[in-house]
2 protein chains.
Amino acid sequence: MVTLSNTAKSHLDEALSRSGLRSTRQREQIYAVLLKRRDHPTADEVYARAKEVMPTISLATVYNCLETLVECSLVKRLNYEREPSRFCPNDGEHAHFLDEVNGRVYDILLPEDFQESVTKILPDGFEVKKVKVTFTGYAPKGLDTNSL
Amino acid sequence: MVTLSNTAKSHLDEALSRSGLRSTRQREQIYAVLLKRRDHPTADEVYARAKEVMPTISLATVYNCLETLVECSLVKRLNYEREPSRFCPNDGEHAHFLDEVNGRVYDILLPEDFQESVTKILPDGFEVKKVKVTFTGYAPKGLDTNSL
DNA sequence: TTGATTTTTGGAATCATTCCAATTTACTTC
DNA sequence: GAAGTAAATTGGAATGATTCCAAAAATCAA
Ligand SMILES: [Mn+2]
Ligand SMILES: [Mn+2]
Ligand SMILES: [Zn+2]
Ligand SMILES: [Zn+2]
């Protein structure tokens with residue numbers, strides 16, 4: 001029904017219970033779908049992939065699960081202009097690169113001191129909680145989104 | 001009808017004609033509204049402000065004009081999660097800071113070498129066209145959005 | 001097993017934005 | 001400055017991702 005490594009499964013269970021939420025088949029399935037191909041799919045795409053292995057899952061549930069995973073900090077929601085949200089199961093700090101030609105989004109590893117150093121550009125008095133960096137341009141050819 | 005400095009007016013006219021577009025009362029009005037209070041209003045807010053001085057303008061026109069201004073690179077469109085787009089008439093390179101408490105967006109001046117230096121974190125082969133930086137947190141109290 | 005609480009589900013509702021066809025306006029040419 | 005053509009504006013309908021809702025199903029503790 002799902003394909004979720006033991007470590008991913010316990011990562012999920014811990015994050016859910018930390019938020020006082022239950023581990024369900026649907027939540028596991030959605031998380032598994034995201035981890036399998038780290039290509040930043042939309043809710044509709046997640047729905048399609050989840051249905052292949054869990055045909056009775058509903059779109060509403062996909063939205064619910066994605067929202068839950070985002071709130072547990074297991075998944076990030078990405079928004080480009082007014083397009084449908086995309087979802088990223090990479091819970092580490094990283095930037096995103098959107099390829100203008102193929103429409104794909106690549107995760108970009110950030111240097112250790114990045115948040116600290118970029119925060120220096122703020123005038124005195126600004127207290128930063130989060131920094132988001134998004135690149136747009138052309139990614140190198142033949143690069144798999146799973147590889148980053 | 002509109003309040004647009006001579007320099008702003010010619011800035012607008014030049015950008016429009018550069019794109020082969022006409023300068024209209026509505027486009028001038030929308031641009032004037034944005035310049036008057038640089039607080040990153042939504043299309044609805046722009047509509048409300050424009051109607052005060054041009055009561056017959058339509059919401060469709062506001063959307064059209066905003067889109068036109070964005071395409072002329074006179075205005076930037078900002079998107080936060082799934083909220084309505086906001087618009088910024090600051091055409092220079094800058095970052096944005098969203099205050100989580102008051103919901104306001106502040107323009108953040110970027111250092112000269114910023115784009116160049118942040119681009120260094122990309123692996124070889126990525127060709128950058130644009131970098132977007134967005135901060136979230138708490139802005140200093142009593143700061144006017146027009147002042148930045 | 002029972003009962004209380006969450007979660008899932010299908011479908012309706014939302015709402016920012018886009019689309020459309022008709023009217024008006026702007027620019028060019030005579 | 002009248003006429004013709006292209007571009008822009010307008011009100012209202014349509015769109016579509018997302019959210020909402022109330023009923024059914026699943027989970028958990030007792
Ligand atoms: Mn992603
Ligand atoms: Mn803005
Ligand atoms: Zn990512
Ligand atoms: Zn701005």
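Keep in mind it's a predicted model, so treat the numbers as computed, not measured.
Two residues are said to be in side-chain contact when any heavy atoms from C-beta on lie closer than 4.5 Å; A:Val2 and A:Arg25 fail this criterion.
A salt bridge links A:Asp39 to A:Arg49: at least one charged side-chain nitrogen sits closer than 4.0 Å to a carboxylate oxygen.
If A:Gly20 and B:Glu83 are placed on DNA chain C by their nearest nucleotide, the residue sitting closer to the 5' end is A:Gly20. Where A:Leu59 and B:Gln26 meet DNA chain D, the nucleotide closest to each residue was compared, and B:Gln26 sits on the side nearer the 5' end. Nearer to the 5' terminus of DNA chain C, by closest-nucleotide assignment, is the contact made by B:Arg77 (compared with the other of B:Arg77 and B:Arg22).
Comparing C:dG10, D:dT10, D:dC28 by their closest approach to the side chain of B:Ala60 singles out D:dT10.
Applying the 4.0 Å criterion to OP1 and OP2 of D:dT18, one finds that A:Ser85 has a side-chain N or O inside that range. Of the side-chain N and O atoms in B:Arg27, one or more sit less than 4.0 angstrom from OP1 or OP2 of D:dA8. A sub-4.0 Å separation between OP1 or OP2 of D:dA26 and a side-chain N or O of A:Arg25 is absent. Between D:dT9 and B:Thr24, a contact under 4.0 Å exists linking OP1 or OP2 to a side-chain N or O.
Ring pair A:Phe97/A:Phe135 is parallel by interplanar angle, where below 30° counts as parallel and above 60° as perpendicular.
As rounded to whole Å, 12 Å separates atom C1' of D:dA26 from atom CE of A:Met54. Rounded to an integer number of Å, the gap from CZ of B:Arg82 to P of D:dC20 is 14 Å. Atom CG in A:Asn79 sits about 14 Å away from atom C1' in C:dA16, given to the nearest Å.
In summary, the side chains of B:Asp107 and B:Asn90 do present a donor paired with an acceptor at a separation below 3.5 Å, with no hydrogens or angles considered.
Residue contacts shown for A:Thr61 include a base, since a base heavy atom lies under 4.0 Å away. Within 4.0 Å of B:Thr68, counting heavy atoms only, lies no atom of the nucleic acid at all. At a threshold of 4.0 angstrom between heavy atoms, the contacts of A:Thr42 with the nucleic acid are absent.
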